[in-house]
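Below is one structure; the comments refer to it alone.
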Amino acid sequence: MSERIEMGSLIKILPQNTFVRGVLTLASGTVGAQAILIASAPLLTRLYSPDEFGILSVFLSMLGLVGGIAALRFELAIPLPEDDRNAAALSVTGAVVVVLFSLALFALVTSYSESLANQFNAPILAPYLWLLPVTFFANGLFLLLNMLCVRHERFGDMAKAKVLQSAITVVVQVAGFSLGGAALIIGRVLGHVAAAIQLVRGIGLDYSVTVRTLKLYDLWRVAINYRTFPLISTWSALASSIGSSITPLMFAAFFGLEMAGYFAMTMMVMVVPMSIIGVAVQNAFYRKAVDAHRTGRLAELILAVQSRLVLATLPFFALSAFVLPDAFVLMFGEAWRVSGTFAVWILPWMLFQLTVTPCTGIFPIVGRLGLALLLDLSLAAAPVLAFSVALWLRGDALFAVQLLSAIASLVYLARISIAYCLAGGQALTGVAVVLRGLMIAAIGVLPAFVVPNVWSGKPVLALLFAISCGALLAAVAIRWAWKRLPEIDIGPYEQGAGSQPAGIAS
């Protein structure tokens, strides 16, 4: 369990509390899962072409458009009830929704598979679209069981499922390379199925006795009590899914499968920090945020978490900009240099996503799901606006990426400012946190600008030396600033100690 985890020197830097240990448990599993994917990428990029990765990106984007609402967001309500029976009823209600949606999706893709595939310049995808509802079902089941694990802080189970998912995915993709892009898709599908089965065998079995005692009335009652989640939060999730999934589809439709493949590889690498750190923090933060809201310390929690995320990531992101294009070539081959160029411009977008998203999951807790919907709609509009302007100005794919990164960064900045206001804090606090992080990042990147100009005889060695010096300086500055951050440990909620969050029914 997370209480027994020993993380050596890292624990000495981070606060000693259950929140951090929960994050580290999740992160350790996610690190393992992402390490498998990243370690296999240099091999996969030599087995598959950018076009074939483009086919995979179109499939995953189709799934992403609707995958986030598989359970109509009932999964978000699972940690909120005080008794496990209501949590089980929410899980079963969500599972019923997942089954119905999966059947509807199966009917859709079997009837219009060729038309859907042709819309995105991927006719080869048509015979495999029947796998979409299978993956949709597995993903929906995983979402529900994942939140049951969050409710009981069983982060170890979540970590195991992530590692298994990545392992199955990579084994199938490597072994089936002779099938072309189809093997990339089949590997992802089987990975999703394996992760869902892993959680069913874990926390799913623990709830099996309670589930068997539920009546139809129990499902109806929780569906009514928590109706704001499907009625409002579903639209917010759909907008968010569209924002993240429509970009690869637009790349395929307007710039071809090859550019979609380049973008897919860029995002696979760039979302690693979000997958390792952001998702782990987000899951642990959500449970703590419920307690913090009840005790009036939600703004304090957001400040503590966002400050640590900025300090831990911004200097690294700044330094990585100097080496990303060459790093992509070294890892994946010269054919993927375009992905490295995309990565440099995507850095600000990923930084804001990483440092803002975990801290802005408070909208269901404070009862402002409508506002969350507006913010998600603005984020969903970002790629549409970016591609529209790029095409209007006759720009290329890189110009579209640059516009998208700038617009998305501004939306995330607005999102964190609003979150502070809702939590009772100041709107500019989030901006101030980012500015402090930029000052420390400037300390780290300064040698990269100065040393190569002075030591011009060997530019590669000069750059490596400069980055090493910058990383050392940034580490010292981060450690100094870290000791002055507010504590994260809000303390467990006790029965009767506070009121239910606004807008949430029990």
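We number each residue from 1, following the sequence as shown. Below, all heavy atoms of this structure are taken into account, side chains as well, without hydrogens, waters or symmetry copies.
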Inset, instruction - Take Thr213 and Arg85, measure what side chain to side chain donor-acceptor pair (under 3.5 Å) needs, and give me the verdict at the end. - result: CA-CA 9 Å; Thr213 65; Arg85 183 177 178 81; 2.8 Å; yes
Inset, instruction - Begin from the C-alpha positions of Tyr412 and Gln353 and carry the test side chain to side chain contact (heavy atoms under 4.5 Å, CB included) through to its verdict. - result: CA-CA 7 Å; Tyr412 279 117; Gln353 182 180 0; 3.5 Å; yes
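Taking the six-membered ring for Trp, Phe342 and Trp336 have ring centres at least 6.0 Å apart. Side-chain rings of Phe229 and Phe74 stay apart, their centers remaining 6.0 Å or farther from each other.
In this structure, Ile302 and Ala419 approach most closely via the heavy-atom pair CD1-O, 4.0 Å.
Judged by distance alone, with hydrogens and angles left aside, the side-chain atoms of Ser91 form a donor-acceptor pair with the main-chain N or O of Ala87 at under 3.5 Å. When atom types are taken as modelled, the side chain of Ser61 and the backbone of Pro248 share no donor-acceptor pair closer than 3.5 angstrom. Side-chain N or O atoms of Ser166 include none that pairs as donor or acceptor with a backbone N or O of Val163 at under 3.5 Å. Under the 3.5 Å distance criterion, the side-chain polar atoms of Gln173 are matched with a main-chain donor or acceptor of Leu184.
No more than 12 heavy-atom neighbours from other residues, nucleotides or ligands sit within 6.0 angstrom of CZ on Arg201. Within 6.0 Å of atom OH in Tyr207, more than 12 heavy atoms from other residues, nucleotides or ligands are found, so the atom counts as buried in its surroundings. The number of heavy-atom neighbours closer than 6.0 Å to CZ of Phe137, taken from other residues, nucleotides and ligands shown, is 12 or below. Counted within 6.0 Å of OH on Tyr128, heavy atoms from surrounding residues, nucleotides or ligands total 12 or fewer; the atom is thus considered open. Residue-environment remark: CG (Leu377) exceeds the threshold of 12 foreign heavy atoms within 6.0 Å.
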